[in-house]
Amino acid sequence: MSKVVRFHCTGGPEVLQLEEVTAREPQSGEVRIRTRALGLNRAEVMFRNGAYVVDPVFPSSLGYEALHK
């Protein structure tokens, strides 16, 4: 199981939830990288607030640079 920060509605930091998800196996040409920490930027705060150029699709996650879908 992997932990991911998700939100199910827009808003402040209080909408963030730590959830466990099953990580899928890497496909051909992919690798799995263990991430112990990552930084979030202003665009991701705007995304969480619903003020970014694209709207989140719920449940939505932060940390796209490290997110593996």
Considering only distance and modelled atom types, tabulate donor-acceptor pairs under 3.5 Å from the side chains of residues 5-23, sequence neighbours left out.
unit_1: Arg6; atom_1: NH1; unit_2: Glu19; atom_2: OE1; d: 3.2
unit_1: His8; atom_1: NE2; unit_2: Glu19; atom_2: OE2; d: 2.7
unit_1: Glu14; atom_1: OE2; unit_2: Gly12; atom_2: N; d: 3.3

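Rounding to the nearest 0.5 Å gives a distance of 12.0 Å between CD of Glu44 and CG of Asn49.
Under the 4.5 Å side-chain criterion, counting only non-hydrogen atoms from C-beta, Val4 is in contact with Ser61.
Under a 3.5 Å cut-off, the side chain of Arg32 and the backbone N or O of Arg24 do form a donor-acceptor pair.
Applying the side-chain contact (heavy atoms from CB on, under 4.5 Å) test to Val54 and every residue at least two apart in sequence or in another chain returns Phe47, Tyr52.
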Applying side chain to side chain contact (heavy atoms under 4.5 Å, CB included) to Glu30 and Glu25, what does each step give before you reach the verdict?
CA-CA 9 Å; Glu30 297 179 332; Glu25 291 300 314; over 6 Å; no
